[in-house]
Amino acid sequence: MFRFVSFSMSGPFWSPMFFWLLSGYLAKLSYGHAVVGTVQQPAAEIVVVAFGSPVTVGLGALSRSTVVWEMAVADLAQKYGDALNISYIFVPAVTCLAVCEKGEDVLSGWYYTLQRPGRVLVFLNNGADLATPGGYRSRYPSLPDCNANDISLYMLSAQWNVLAVNRYTGLISPDNRREVNLTSIEIDRTILPTTLSLGFLRTPSYVRLCQNLLTMYNWTSMFILLDKGSVPINTFVASALAERLNNSGRVTFVLRTVLSNANTTFRDNLIELRSFSRILFFFGHAAKLRQLLVTASSMNMTNGQYVYVAMEALPNFIGYGKMSWRYSDKNDQVARMAFRSLLVLQPDISSFKTTNSSFRLANEFRSRSMASVNINYTNADHPSEIVITTYDAVMLLGKVLHEAWRSQEDLTDSRNLIQRFLNQTFDMDSESIFIDSNGVRADNLVVAHYNSLTDQREPFLLQPANAADELNVIRSLEDWPSLKWPPSSSPGCEDGDADKCRVAGLKTSEIWNSTAGRGG
(Lines give C-alpha, C1' and ligand atoms only; values in the text may rest on other atoms or scores of the structure.)
Protein backbone atom coordinates (compact mmCIF):
# COMPACT_ATOMS: atom_id res chain seq x y z
CA MET A 1 0.00 0.00 0.00
CA PHE A 2 1.26 3.47 -0.87
CA ARG A 3 0.17 6.80 0.55
CA PHE A 4 1.46 10.16 -0.57
CA VAL A 5 1.08 13.36 1.42
CA SER A 6 2.58 16.70 0.38
CA PHE A 7 2.61 19.95 2.32
CA SER A 8 3.11 23.40 0.88
CA MET A 9 4.99 26.19 2.63
CA SER A 10 2.14 28.55 1.87
CA GLY A 11 -0.49 26.72 3.90
CA PRO A 12 -1.31 27.22 7.59
CA PHE A 13 0.37 23.96 8.58
CA TRP A 14 2.33 25.36 11.49
CA SER A 15 -0.42 25.08 14.05
CA PRO A 16 -0.49 22.37 16.72
CA MET A 17 -3.93 21.37 15.42
CA PHE A 18 -2.40 20.50 12.04
CA PHE A 19 0.29 18.28 13.56
CA TRP A 20 -2.34 16.59 15.74
CA LEU A 21 -4.58 15.87 12.75
CA LEU A 22 -1.66 14.51 10.73
CA SER A 23 -0.58 12.22 13.56
CA GLY A 24 -4.13 10.98 13.93
CA TYR A 25 -4.39 10.31 10.20
CA LEU A 26 -1.27 8.17 10.13
CA ALA A 27 -2.24 6.38 13.35
CA LYS A 28 -5.56 5.21 11.89
CA LEU A 29 -4.07 3.64 8.76
CA SER A 30 -4.61 -0.13 8.61
CA TYR A 31 -1.75 -2.50 7.90
CA GLY A 32 -1.64 -5.99 6.51
CA HIS A 33 0.21 -9.16 7.36
CA ALA A 34 2.41 -11.58 5.46
CA VAL A 35 3.69 -15.07 6.12
CA VAL A 36 7.43 -15.46 6.67
CA GLY A 37 8.21 -19.17 6.80
CA THR A 38 5.38 -20.47 8.95
CA VAL A 39 4.94 -17.30 11.00
CA GLN A 40 2.39 -14.64 10.17
CA GLN A 41 4.24 -11.33 10.48
CA PRO A 42 2.67 -7.88 10.42
CA ALA A 43 3.78 -5.56 7.66
CA ALA A 44 6.22 -2.86 8.71
CA GLU A 45 5.02 0.74 8.74
CA ILE A 46 7.49 2.92 6.82
CA VAL A 47 7.19 6.71 6.61
CA VAL A 48 9.59 8.31 4.14
CA VAL A 49 9.95 12.00 4.98
CA ALA A 50 11.46 14.02 2.11
CA PHE A 51 12.46 17.48 3.23
CA GLY A 52 14.27 20.61 2.14
CA SER A 53 13.68 24.02 0.65
CA PRO A 54 11.56 23.83 -2.51
CA VAL A 55 13.06 27.09 -3.82
CA THR A 56 16.48 25.67 -4.70
CA VAL A 57 17.49 25.33 -8.33
CA GLY A 58 19.59 23.08 -10.55
CA LEU A 59 20.04 19.31 -10.38
CA GLY A 60 19.53 19.44 -6.62
CA ALA A 61 16.11 21.12 -6.86
CA LEU A 62 13.46 19.27 -4.91
CA SER A 63 10.98 19.97 -7.69
CA ARG A 64 13.02 17.48 -9.73
CA SER A 65 13.81 14.90 -7.07
CA THR A 66 10.36 14.61 -5.50
CA VAL A 67 8.97 13.46 -8.85
CA VAL A 68 11.43 10.58 -8.95
CA TRP A 69 11.05 9.79 -5.24
CA GLU A 70 7.28 9.46 -5.66
CA MET A 71 7.83 7.08 -8.57
CA ALA A 72 10.23 4.98 -6.53
CA VAL A 73 8.07 4.80 -3.40
CA ALA A 74 5.06 3.78 -5.51
CA ASP A 75 7.13 1.02 -7.13
CA LEU A 76 8.37 -0.12 -3.72
CA ALA A 77 4.79 -0.39 -2.49
CA GLN A 78 3.89 -2.49 -5.51
CA LYS A 79 6.94 -4.74 -5.11
CA TYR A 80 6.93 -5.18 -1.33
CA GLY A 81 3.35 -4.29 -0.47
CA ASP A 82 2.81 -7.43 1.59
CA ALA A 83 5.69 -6.53 3.87
CA LEU A 84 6.12 -2.76 3.78
CA ASN A 85 3.23 -0.31 4.18
CA ILE A 86 4.80 2.88 2.91
CA SER A 87 3.76 6.50 3.35
CA TYR A 88 5.62 9.27 1.54
CA ILE A 89 5.54 12.79 2.98
CA PHE A 90 7.19 15.85 1.51
CA VAL A 91 7.70 18.64 4.02
CA PRO A 92 9.32 22.08 3.59
CA ALA A 93 11.63 21.58 6.56
CA VAL A 94 15.17 22.91 6.76
CA THR A 95 17.82 22.65 9.44
CA CYS A 96 18.66 26.31 10.06
CA LEU A 97 16.44 28.02 12.61
CA ALA A 98 17.57 31.43 11.38
CA VAL A 99 15.60 31.04 8.18
CA CYS A 100 12.50 29.33 9.55
CA GLU A 101 9.31 31.32 9.17
CA LYS A 102 6.85 28.76 10.53
CA GLY A 103 6.81 25.72 12.74
CA GLU A 104 6.75 23.18 9.92
CA ASP A 105 10.13 24.51 8.78
CA VAL A 106 11.76 22.74 11.73
CA LEU A 107 12.53 19.11 10.99
CA SER A 108 12.57 18.11 14.65
CA GLY A 109 8.90 19.09 14.85
CA TRP A 110 8.08 16.56 12.18
CA TYR A 111 10.07 13.88 13.96
CA TYR A 112 8.23 14.30 17.25
CA THR A 113 4.90 14.45 15.42
CA LEU A 114 5.45 11.36 13.31
CA GLN A 115 7.43 9.04 15.58
CA ARG A 116 5.63 6.31 17.48
CA PRO A 117 6.52 2.78 18.66
CA GLY A 118 7.06 0.43 15.73
CA ARG A 119 6.96 3.12 13.06
CA VAL A 120 10.06 3.33 10.85
CA LEU A 121 10.99 6.88 9.87
CA VAL A 122 13.43 7.62 7.06
CA PHE A 123 14.59 11.17 6.32
CA LEU A 124 15.40 11.77 2.66
CA ASN A 125 17.21 14.90 1.51
CA ASN A 126 18.94 16.29 -1.56
CA GLY A 127 21.36 18.41 0.39
CA ALA A 128 20.79 21.43 -1.83
CA ASP A 129 22.16 24.75 -0.61
CA LEU A 130 19.60 27.33 0.47
CA ALA A 131 21.99 30.13 -0.43
CA THR A 132 21.38 29.65 -4.14
CA PRO A 133 19.63 31.89 -6.68
CA GLY A 134 16.00 32.00 -5.64
CA GLY A 135 16.85 30.64 -2.18
CA TYR A 136 16.57 32.17 1.27
CA ARG A 137 19.64 34.36 0.77
CA SER A 138 17.94 36.27 -2.08
CA ARG A 139 14.71 36.59 -0.13
CA TYR A 140 16.29 37.50 3.20
CA PRO A 141 19.73 39.06 2.55
CA SER A 142 20.21 39.96 6.21
CA LEU A 143 20.08 36.31 7.30
CA PRO A 144 23.16 34.08 7.46
CA ASP A 145 23.85 31.44 4.84
CA CYS A 146 22.16 28.13 5.48
CA ASN A 147 22.74 24.72 3.97
CA ALA A 148 20.05 22.07 4.10
CA ASN A 149 22.86 19.53 4.03
CA ASP A 150 24.57 20.77 7.19
CA ILE A 151 26.03 17.93 9.21
CA SER A 152 23.89 18.96 12.20
CA LEU A 153 20.86 17.28 10.63
CA TYR A 154 22.63 13.94 10.43
CA MET A 155 23.82 14.26 14.01
CA LEU A 156 20.19 14.77 15.04
CA SER A 157 19.14 11.64 13.17
CA ALA A 158 21.85 9.73 15.05
CA GLN A 159 20.37 10.90 18.36
CA TRP A 160 16.93 9.78 17.21
CA ASN A 161 18.31 6.49 15.80
CA VAL A 162 16.61 7.33 12.50
CA LEU A 163 18.01 6.57 9.07
CA ALA A 164 18.95 9.72 7.12
CA VAL A 165 19.69 9.42 3.41
CA ASN A 166 21.47 12.12 1.45
CA ARG A 167 20.80 11.64 -2.23
CA TYR A 168 22.64 14.32 -4.18
CA THR A 169 25.60 16.34 -2.97
CA GLY A 170 27.29 14.49 -0.15
CA LEU A 171 27.78 15.90 3.32
CA ILE A 172 28.79 19.38 4.34
CA SER A 173 31.07 20.20 7.24
CA PRO A 174 29.82 22.47 10.06
CA ASP A 175 31.28 25.59 8.43
CA ASN A 176 28.99 25.00 5.39
CA ARG A 177 31.80 25.84 3.00
CA ARG A 178 33.23 22.59 1.76
CA GLU A 179 32.28 19.01 1.17
CA VAL A 180 33.67 16.44 3.55
CA ASN A 181 34.64 12.93 2.60
CA LEU A 182 33.11 10.51 5.07
CA THR A 183 36.32 8.48 4.97
CA SER A 184 38.20 11.39 6.54
CA ILE A 185 38.91 11.73 10.24
CA GLU A 186 36.40 14.61 10.46
CA ILE A 187 33.39 12.33 9.93
CA ASP A 188 33.13 8.66 10.75
CA ARG A 189 30.56 6.11 11.77
CA THR A 190 31.00 6.93 15.44
CA ILE A 191 29.67 10.43 14.72
CA LEU A 192 27.09 9.64 12.03
CA PRO A 193 26.07 6.02 12.64
CA THR A 194 22.68 6.32 10.90
CA THR A 195 23.64 8.26 7.77
CA LEU A 196 23.84 7.07 4.18
CA SER A 197 25.26 9.32 1.47
CA LEU A 198 24.09 7.99 -1.88
CA GLY A 199 24.98 10.90 -4.17
CA PHE A 200 26.22 10.13 -7.68
CA LEU A 201 28.17 13.41 -8.00
CA ARG A 202 30.77 13.09 -5.28
CA THR A 203 33.59 15.60 -4.91
CA PRO A 204 35.88 13.30 -2.86
CA SER A 205 35.84 10.59 -5.54
CA TYR A 206 37.13 12.99 -8.19
CA VAL A 207 39.68 14.50 -5.83
CA ARG A 208 40.99 11.01 -5.17
CA LEU A 209 41.10 10.33 -8.92
CA CYS A 210 43.20 13.47 -9.44
CA GLN A 211 45.60 12.40 -6.71
CA ASN A 212 45.85 8.86 -8.08
CA LEU A 213 46.64 10.21 -11.55
CA LEU A 214 49.42 12.43 -10.22
CA THR A 215 50.88 9.53 -8.26
CA MET A 216 50.73 7.03 -11.11
CA TYR A 217 52.85 9.18 -13.41
CA ASN A 218 55.00 10.73 -10.67
CA TRP A 219 53.88 14.24 -11.57
CA THR A 220 55.24 16.47 -8.82
CA SER A 221 54.21 19.88 -10.15
CA MET A 222 50.90 21.01 -11.60
CA PHE A 223 48.82 24.05 -12.49
CA ILE A 224 45.16 24.25 -11.38
CA LEU A 225 42.97 26.66 -13.37
CA LEU A 226 39.45 27.26 -12.05
CA ASP A 227 36.81 29.22 -13.94
CA LYS A 228 34.59 30.64 -11.22
CA GLY A 229 31.77 31.18 -13.68
CA SER A 230 31.20 27.45 -14.15
CA VAL A 231 29.01 24.96 -12.25
CA PRO A 232 29.65 24.56 -8.48
CA ILE A 233 31.20 21.09 -8.65
CA ASN A 234 34.22 22.58 -10.43
CA THR A 235 34.86 24.91 -7.50
CA PHE A 236 34.31 22.08 -5.00
CA VAL A 237 36.79 19.74 -6.68
CA ALA A 238 39.43 22.37 -7.45
CA SER A 239 39.37 23.75 -3.90
CA ALA A 240 39.35 20.33 -2.26
CA LEU A 241 42.19 19.13 -4.50
CA ALA A 242 44.30 22.17 -3.66
CA GLU A 243 43.70 21.62 0.04
CA ARG A 244 44.64 17.94 -0.17
CA LEU A 245 47.81 18.70 -2.12
CA ASN A 246 48.74 21.47 0.26
CA ASN A 247 48.39 19.11 3.20
CA SER A 248 50.35 16.29 1.58
CA GLY A 249 53.28 18.46 0.43
CA ARG A 250 54.29 15.97 -2.30
CA VAL A 251 53.08 18.01 -5.27
CA THR A 252 54.02 21.63 -5.89
CA PHE A 253 51.17 23.53 -7.52
CA VAL A 254 49.68 26.87 -8.48
CA LEU A 255 45.97 27.58 -8.18
CA ARG A 256 44.64 30.33 -10.45
CA THR A 257 41.04 31.48 -10.66
CA VAL A 258 39.47 33.34 -13.55
CA LEU A 259 36.00 34.62 -14.36
CA SER A 260 35.95 34.06 -18.08
CA ASN A 261 33.92 35.85 -20.72
CA ALA A 262 33.65 35.74 -24.51
CA ASN A 263 37.01 37.45 -24.91
CA THR A 264 38.97 35.17 -22.58
CA THR A 265 41.75 33.28 -24.36
CA PHE A 266 43.70 32.02 -21.28
CA ARG A 267 46.94 33.11 -22.94
CA ASP A 268 48.39 34.63 -19.76
CA ASN A 269 47.61 31.46 -17.84
CA LEU A 270 49.34 29.33 -20.46
CA ILE A 271 52.42 31.56 -20.38
CA GLU A 272 52.61 31.03 -16.64
CA LEU A 273 52.07 27.28 -17.06
CA ARG A 274 54.95 27.08 -19.53
CA SER A 275 57.43 28.41 -16.97
CA PHE A 276 56.12 26.27 -14.13
CA SER A 277 54.75 22.87 -15.10
CA ARG A 278 53.56 20.71 -17.96
CA ILE A 279 50.41 19.47 -16.24
CA LEU A 280 47.28 21.65 -16.22
CA PHE A 281 44.02 20.69 -14.50
CA PHE A 282 41.18 22.82 -15.87
CA PHE A 283 37.89 23.11 -13.99
CA GLY A 284 35.38 25.03 -16.08
CA HIS A 285 32.81 24.97 -18.86
CA ALA A 286 33.58 22.70 -21.82
CA ALA A 287 33.46 25.56 -24.33
CA LYS A 288 36.12 27.40 -22.31
CA LEU A 289 38.23 24.26 -22.23
CA ARG A 290 38.09 24.12 -26.02
CA GLN A 291 39.18 27.77 -26.21
CA LEU A 292 42.05 27.01 -23.84
CA LEU A 293 43.23 24.15 -26.08
CA VAL A 294 42.91 26.23 -29.25
CA THR A 295 45.04 28.95 -27.66
CA ALA A 296 47.53 26.34 -26.46
CA SER A 297 47.81 25.02 -30.01
CA SER A 298 48.69 28.49 -31.28
CA MET A 299 51.49 28.60 -28.69
CA ASN A 300 52.88 25.19 -29.70
CA MET A 301 51.73 23.72 -26.39
CA THR A 302 49.77 20.74 -27.74
CA ASN A 303 52.78 18.84 -29.06
CA GLY A 304 52.69 16.09 -26.44
CA GLN A 305 54.88 17.82 -23.87
CA TYR A 306 51.86 19.22 -22.00
CA VAL A 307 48.94 17.35 -20.45
CA TYR A 308 45.55 19.01 -20.01
CA VAL A 309 43.12 17.38 -17.60
CA ALA A 310 39.41 18.22 -17.36
CA MET A 311 36.39 16.73 -15.61
CA GLU A 312 32.97 15.72 -16.95
CA ALA A 313 31.00 14.29 -14.05
CA LEU A 314 27.87 13.95 -16.19
CA PRO A 315 27.93 13.20 -19.92
CA ASN A 316 26.06 15.63 -22.16
CA PHE A 317 24.71 17.77 -19.31
CA ILE A 318 23.91 21.26 -20.54
CA GLY A 319 25.38 22.85 -17.40
CA TYR A 320 28.82 21.39 -18.16
CA GLY A 321 28.79 22.27 -21.84
CA LYS A 322 29.64 20.25 -24.93
CA MET A 323 33.02 18.59 -24.38
CA SER A 324 33.96 18.14 -28.02
CA TRP A 325 36.27 19.63 -30.60
CA ARG A 326 33.39 19.84 -33.07
CA TYR A 327 31.61 23.21 -32.80
CA SER A 328 31.18 23.71 -36.56
CA ASP A 329 33.38 26.81 -36.64
CA LYS A 330 36.75 27.81 -38.07
CA ASN A 331 38.64 26.27 -35.15
CA ASP A 332 37.30 22.75 -35.53
CA GLN A 333 40.38 21.14 -37.07
CA VAL A 334 42.77 22.94 -34.73
CA ALA A 335 40.64 21.86 -31.77
CA ARG A 336 40.51 18.29 -33.02
CA MET A 337 44.28 17.98 -32.98
CA ALA A 338 44.57 19.86 -29.69
CA PHE A 339 42.12 17.45 -28.02
CA ARG A 340 44.76 14.74 -28.39
CA SER A 341 46.54 16.41 -25.45
CA LEU A 342 43.43 16.14 -23.25
CA LEU A 343 42.57 13.66 -20.49
CA VAL A 344 39.01 13.60 -19.14
CA LEU A 345 37.96 12.45 -15.66
CA GLN A 346 34.50 10.93 -15.92
CA PRO A 347 32.19 8.21 -14.58
CA ASP A 348 32.40 4.77 -16.11
CA ILE A 349 29.21 5.08 -18.13
CA SER A 350 29.43 1.39 -19.04
CA SER A 351 28.29 0.78 -15.43
CA PHE A 352 24.81 1.92 -16.46
CA LYS A 353 22.77 -0.72 -18.22
CA THR A 354 20.35 0.37 -20.92
CA THR A 355 17.19 -1.47 -19.96
CA ASN A 356 13.45 -1.16 -20.43
CA SER A 357 13.35 0.06 -16.84
CA SER A 358 15.79 2.90 -17.49
CA PHE A 359 13.81 4.04 -20.55
CA ARG A 360 10.60 3.90 -18.54
CA LEU A 361 12.10 5.95 -15.72
CA ALA A 362 13.38 8.66 -18.04
CA ASN A 363 10.10 8.93 -19.92
CA GLU A 364 7.95 8.85 -16.81
CA PHE A 365 10.12 11.50 -15.14
CA ARG A 366 9.63 13.84 -18.08
CA SER A 367 5.89 13.30 -18.31
CA ARG A 368 5.36 13.71 -14.56
CA SER A 369 7.55 16.80 -14.44
CA MET A 370 5.51 18.32 -17.21
CA ALA A 371 2.30 17.54 -15.37
CA SER A 372 3.41 18.62 -11.89
CA VAL A 373 5.76 21.58 -12.47
CA ASN A 374 5.05 22.35 -16.15
CA ILE A 375 8.67 21.83 -17.19
CA ASN A 376 9.70 19.72 -20.15
CA TYR A 377 13.14 18.36 -19.25
CA THR A 378 15.40 17.01 -21.97
CA ASN A 379 18.22 14.59 -21.21
CA ALA A 380 20.63 17.52 -21.47
CA ASP A 381 18.63 19.41 -18.81
CA HIS A 382 18.35 16.47 -16.43
CA PRO A 383 20.52 13.50 -17.46
CA SER A 384 19.12 9.99 -17.19
CA GLU A 385 22.00 9.05 -14.87
CA ILE A 386 20.59 11.44 -12.25
CA VAL A 387 17.07 10.05 -12.70
CA ILE A 388 18.33 6.47 -12.34
CA THR A 389 20.54 7.08 -9.31
CA THR A 390 17.84 9.13 -7.56
CA TYR A 391 15.34 6.35 -8.14
CA ASP A 392 17.76 3.59 -7.14
CA ALA A 393 18.61 5.30 -3.84
CA VAL A 394 15.01 4.76 -2.72
CA MET A 395 14.71 1.30 -4.29
CA LEU A 396 17.89 0.23 -2.50
CA LEU A 397 16.43 1.46 0.77
CA GLY A 398 13.30 -0.64 0.20
CA LYS A 399 15.33 -3.69 -0.79
CA VAL A 400 17.33 -3.64 2.43
CA LEU A 401 14.29 -2.90 4.60
CA HIS A 402 12.50 -5.87 3.06
CA GLU A 403 15.47 -8.18 3.66
CA ALA A 404 15.67 -7.05 7.29
CA TRP A 405 11.90 -7.50 7.69
CA ARG A 406 12.12 -11.07 6.37
CA SER A 407 14.87 -11.72 8.93
CA GLN A 408 12.51 -10.36 11.59
CA GLU A 409 14.96 -7.67 12.64
CA ASP A 410 14.00 -4.46 14.40
CA LEU A 411 13.62 -1.98 11.55
CA THR A 412 13.41 0.94 13.96
CA ASP A 413 17.00 0.33 15.07
CA SER A 414 18.80 2.26 12.33
CA ARG A 415 22.22 1.81 13.95
CA ASN A 416 21.90 -1.92 13.41
CA LEU A 417 19.99 -1.72 10.13
CA ILE A 418 22.65 0.39 8.42
CA GLN A 419 25.16 -2.45 8.78
CA ARG A 420 23.29 -4.21 5.97
CA PHE A 421 24.38 -1.46 3.57
CA LEU A 422 28.08 -1.26 4.40
CA ASN A 423 30.79 -2.75 2.16
CA GLN A 424 28.16 -4.20 -0.12
CA THR A 425 27.50 -4.18 -3.86
CA PHE A 426 23.85 -4.13 -4.84
CA ASP A 427 22.69 -5.13 -8.32
CA MET A 428 19.82 -2.90 -9.38
CA ASP A 429 17.90 -3.01 -12.65
CA SER A 430 20.00 -0.31 -14.37
CA GLU A 431 23.25 -0.25 -12.37
CA SER A 432 25.31 -1.77 -9.60
CA ILE A 433 25.79 0.28 -6.44
CA PHE A 434 28.71 -0.11 -4.06
CA ILE A 435 28.38 1.32 -0.54
CA ASP A 436 31.64 1.65 1.36
CA SER A 437 32.38 1.08 5.04
CA ASN A 438 31.18 4.59 5.92
CA GLY A 439 27.83 4.36 4.14
CA VAL A 440 28.97 6.37 1.12
CA ARG A 441 28.14 5.43 -2.44
CA ALA A 442 31.23 5.00 -4.61
CA ASP A 443 31.27 4.62 -8.38
CA ASN A 444 33.74 3.41 -10.94
CA LEU A 445 35.55 6.44 -12.39
CA VAL A 446 37.80 6.47 -15.45
CA VAL A 447 40.43 8.61 -17.11
CA ALA A 448 39.73 8.87 -20.83
CA HIS A 449 41.74 10.19 -23.78
CA TYR A 450 40.53 11.51 -27.12
CA ASN A 451 41.82 9.34 -29.96
CA SER A 452 41.69 11.29 -33.23
CA LEU A 453 42.18 8.08 -35.20
CA THR A 454 38.88 6.67 -33.98
CA ASP A 455 37.27 10.04 -33.17
CA GLN A 456 36.33 8.56 -29.78
CA ARG A 457 37.07 9.33 -26.17
CA GLU A 458 38.63 6.12 -24.87
CA PRO A 459 38.92 5.23 -21.14
CA PHE A 460 42.36 3.82 -20.34
CA LEU A 461 42.56 4.05 -16.53
CA LEU A 462 39.97 2.83 -14.00
CA GLN A 463 39.47 3.83 -10.36
CA PRO A 464 37.29 1.00 -8.97
CA ALA A 465 34.39 1.84 -6.72
CA ASN A 466 35.53 -0.65 -4.10
CA ALA A 467 39.21 0.36 -4.21
CA ALA A 468 39.40 4.15 -4.43
CA ASP A 469 43.15 4.24 -3.81
CA GLU A 470 43.84 2.19 -6.93
CA LEU A 471 44.16 3.33 -10.53
CA ASN A 472 44.29 0.41 -12.93
CA VAL A 473 45.37 0.38 -16.56
CA ILE A 474 42.55 -1.05 -18.68
CA ARG A 475 44.04 -0.33 -22.11
CA SER A 476 47.00 1.42 -23.66
CA LEU A 477 46.86 5.14 -24.38
CA GLU A 478 46.91 5.60 -28.15
CA ASP A 479 47.39 8.61 -30.42
CA TRP A 480 49.27 10.79 -27.93
CA PRO A 481 50.75 13.77 -29.86
CA SER A 482 54.32 12.61 -29.22
CA LEU A 483 55.85 9.18 -28.82
CA LYS A 484 56.77 9.82 -25.19
CA TRP A 485 54.08 9.06 -22.62
CA PRO A 486 53.88 10.25 -19.94
CA PRO A 487 55.71 13.57 -20.20
CA SER A 488 57.56 14.98 -17.22
CA SER A 489 55.59 17.37 -15.04
CA SER A 490 58.33 20.02 -14.72
CA PRO A 491 59.92 21.72 -17.75
CA GLY A 492 63.54 20.69 -18.23
CA CYS A 493 63.64 18.30 -15.30
CA GLU A 494 64.10 15.24 -17.47
CA ASP A 495 67.24 16.90 -18.88
CA GLY A 496 68.67 17.72 -15.47
CA ASP A 497 68.46 21.48 -16.06
CA ALA A 498 68.67 22.85 -12.52
CA ASP A 499 67.57 26.34 -13.54
CA LYS A 500 64.44 25.10 -15.24
CA CYS A 501 63.79 22.80 -12.32
CA ARG A 502 63.91 25.69 -9.84
CA VAL A 503 60.20 25.18 -9.15
CA ALA A 504 61.06 21.98 -7.30
CA GLY A 505 62.65 24.07 -4.56
CA LEU A 506 59.56 26.17 -3.91
CA LYS A 507 57.41 25.36 -0.95
CA THR A 508 53.87 24.28 -1.70
CA SER A 509 52.46 26.79 0.76
CA GLU A 510 54.21 29.68 -1.01
CA ILE A 511 52.51 28.83 -4.28
CA TRP A 512 49.19 27.83 -2.69
CA ASN A 513 48.89 31.24 -1.08
CA SER A 514 49.27 32.99 -4.44
CA THR A 515 45.92 32.37 -6.10
CA ALA A 516 44.99 35.57 -7.94
CA GLY A 517 44.86 34.85 -11.67
CA ARG A 518 44.30 36.53 -15.00
CA GLY A 519 42.16 35.29 -17.85
CA GLY A 520 44.29 36.65 -20.68
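- With contacts defined as side-chain heavy-atom distances shorter than 4.5 Å, the pair Glu458/Asp479 does not qualify.
- Within the 4.5 Å cutoff, no side-chain heavy atoms of His285 are placed close to those of Leu289.
- Interatomic distance, Asp443 CG to Asn466 CG, rounded to the nearest 0.5 Å: 11.5 Å.
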Take Tyr206 and Leu445, measure what side chain to side chain contact (heavy atoms under 4.5 Å, CB included) needs, and give me the verdict at the end.
CA-CA 8 Å; Tyr206 284 95; Leu445 300 181; 3.6 Å; yes

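- Between Tyr308 and Phe282, a ring centre-to-centre spacing not shorter than 6.0 Å is recorded.
- With contacts defined as side-chain heavy-atom distances shorter than 4.5 Å, the pair Asn444/Gln463 does not qualify.
- Here the side chain of Asn331 pairs no donor or acceptor atom with the backbone of Ala335 at under 3.5 angstrom.
- When side chains are defined from C-beta on, Phe200 counts as touching Pro347, because their heavy atoms get closer than 4.5 Å.
- Here Glu385 pairs with nothing under the side-chain hydrogen bond (donor to acceptor under 3.5 Å, both in side chains) rule; sequence neighbours left out.
- In this view, Asn472 satisfies the side-chain hydrogen bond (donor to acceptor under 3.5 Å, both in side chains) rule with no residue, not counting sequence neighbours.
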Step by step, work out the side chain to side chain contact (heavy atoms under 4.5 Å, CB included) result for Arg250 and Asn218.
CA-CA 10 Å; Arg250 191 188 73 84; Asn218 196 29; 3.9 Å; yes

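- Looking at Arg290 and Asp329, a side-chain N of the basic residue comes within less than 4.0 Å of a carboxylate O on the acidic one, giving a salt bridge.
- Using a cutoff of 4.0 Å between basic side-chain nitrogens and carboxylate oxygens, Arg360 and Asp429 are not scored as salt-bridged.
- The number of heavy atoms from other shown groups lying within 6.0 Å of CD1 (Ile318) does not exceed 12.
- Remark: side-chain polar atoms of Thr425 are not paired, donor with acceptor, to backbone N or O of Phe434 under 3.5 angstrom.
- Between Thr389 and Ile386 the shortest heavy-atom distance is OG1-O, 3.3 Å.
- A side-chain donor-acceptor contact under 3.5 Å links Asn212 to the backbone of Ala468.
- Inter-residue side-chain proximity for Asn234 and Met311 is flagged as met; some heavy-atom pair is nearer than 4.5 Å.
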Apply side chain to side chain donor-acceptor pair (under 3.5 Å) to residues Thr264 and Asn261 and explain how you reach the verdict.
CA-CA 5 Å; Thr264 303; Asn261 55 44; 3.3 Å; yes

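- A side-chain N or O of Ser221 and one of Ser490 form a donor-acceptor pair less than 3.5 Å apart.
- For Ile474, the CD1 atom sits in a packed shell: over 12 heavy atoms of surrounding residues, nucleotides or ligands are nearer than 6.0 Å.
- The line from CZ of Phe223 to CZ of Phe281 is 13.0 Å long, rounded to the nearest 0.5 Å.
- Taking the six-membered ring where the residue is Trp, Tyr377 and Phe365 present parallel rings, their angle staying beneath 30° rather than reaching 60°.
- Of the possible polar contacts, one joining the Asp332 side chain to the Ser328 backbone as a donor-acceptor pair under 3.5 Å is found.
- Contact annotation: the side chain of Val294 never approaches that of Tyr327 to less than 4.5 Å [non-hydrogen atoms, C-beta and beyond].
- Aromatic ring pairs are classed by plane angle as parallel below 30°, tilted from 30° to 60° and perpendicular above 60°; the pair Phe421 and Phe426 is tilted.
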Audit row: Gln211, Arg244, side chain to side chain donor-acceptor pair (under 3.5 Å) steps and yes/no
CA-CA 9 Å; Gln211 291 180 288; Arg244 290 284 186 90; 3.3 Å; yes

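- Between Trp219 and Tyr217, the ring planes are tilted. Angles from 30° to 60° get that label.
- Interatomic distance, CG of Leu345 versus CG of Leu209, reported as 5.0 Å (0.5 Å rounding).
- Of all heavy-atom pairs spanning Pro459 and Arg475, the tightest one is O-CD, 2.8 Å.
- Trp480 contributes a side-chain N or O that, together with a main-chain N or O of Gly304, makes up a donor-acceptor pair within less than 3.5 Å.
- Phe283 has its side chain out of reach of Thr235: every pair of non-hydrogen atoms, C-beta onward, lies at least 4.5 Å apart.
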Under the side chain to side chain donor-acceptor pair (under 3.5 Å) criterion, do Thr66 and Glu70 qualify, and how do the steps go?
CA-CA 6 Å; Thr66 52; Glu70 290 169 23; 4.6 Å; no

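- The two residues Met216 and Leu471 come nearest to each other via the heavy atoms CE-O, 3.0 Å.
- By the side-chain hydrogen bond (donor to acceptor under 3.5 Å, both in side chains) test, Thr220 pairs with no residue at all, sequence neighbours left out.
- Between the CZ atom in Phe236 and the CZ atom in Arg202 there is a gap of 12.0 Å [rounded to 0.5 Å].
- Checked by atom type and distance alone, the side chain of Arg336 pairs as donor or acceptor with a backbone atom of Ser452 at under 3.5 Å.
- For the pair Gln346 and Val446, the minimum side-chain heavy-atom distance is below 4.5 Å.
- Donor-acceptor pairing under 3.5 Å is lacking for the side chains of Glu243 and Ser239.
- Once rounded to the nearest 0.5 Å, the distance linking CZ of Phe123 with CG of Leu196 reads 14.5 Å.
- Taking each heavy atom of Asp227 and Leu259 in turn, the nearest pair found is OD1-CA, 3.9 Å.
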Side chain to side chain contact (heavy atoms under 4.5 Å, CB included) for Met222 and Leu245? Distances and angles first, verdict last.
CA-CA 10 Å; Met222 65 178 295; Leu245 295 177; 3.3 Å; yes

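- Nearest heavy atoms, Glu478 versus His449: O-CE1, 2.9 Å.
- To the nearest 0.5 Å, atom CD1 of residue Ile233 and atom CG of residue Leu201 are 5.0 Å apart.
- Although no hydrogens or angles enter the test, the distance criterion places a donor-acceptor pair under 3.5 Å between the side chain of Thr295 and the main chain of Gln291.
- Looking at Arg441 and Asp392, no side-chain N of the basic residue comes within less than 4.0 Å of a carboxylate O on the acidic one, giving no salt bridge.
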Determine, step by step, whether Asn451 and Gln456 satisfy the side chain to side chain contact (heavy atoms under 4.5 Å, CB included) criterion, reporting the C-alpha distance in whole Å, the side-chain angles of both residues, the deciding distance to 0.1 Å, and the verdict.
CA-CA 6 Å; Asn451 186 338; Gln456 298 289 329; 5.6 Å; no

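- Between Leu396 and Met428, the closest heavy-atom pair is N-CE, 3.6 Å.
- Side-chain atoms of Thr194 and Ser157 include a donor-acceptor pair closer than 3.5 Å.
- A donor-acceptor pair is defined here as one N or O able to donate and one able to accept, closer than 3.5 Å; such a pair exists between the side chain of Arg457 and the backbone of Met323.
- Looking at Arg267 and Ser298, their side chains never bring a donor and an acceptor atom within 3.5 Å of each other.
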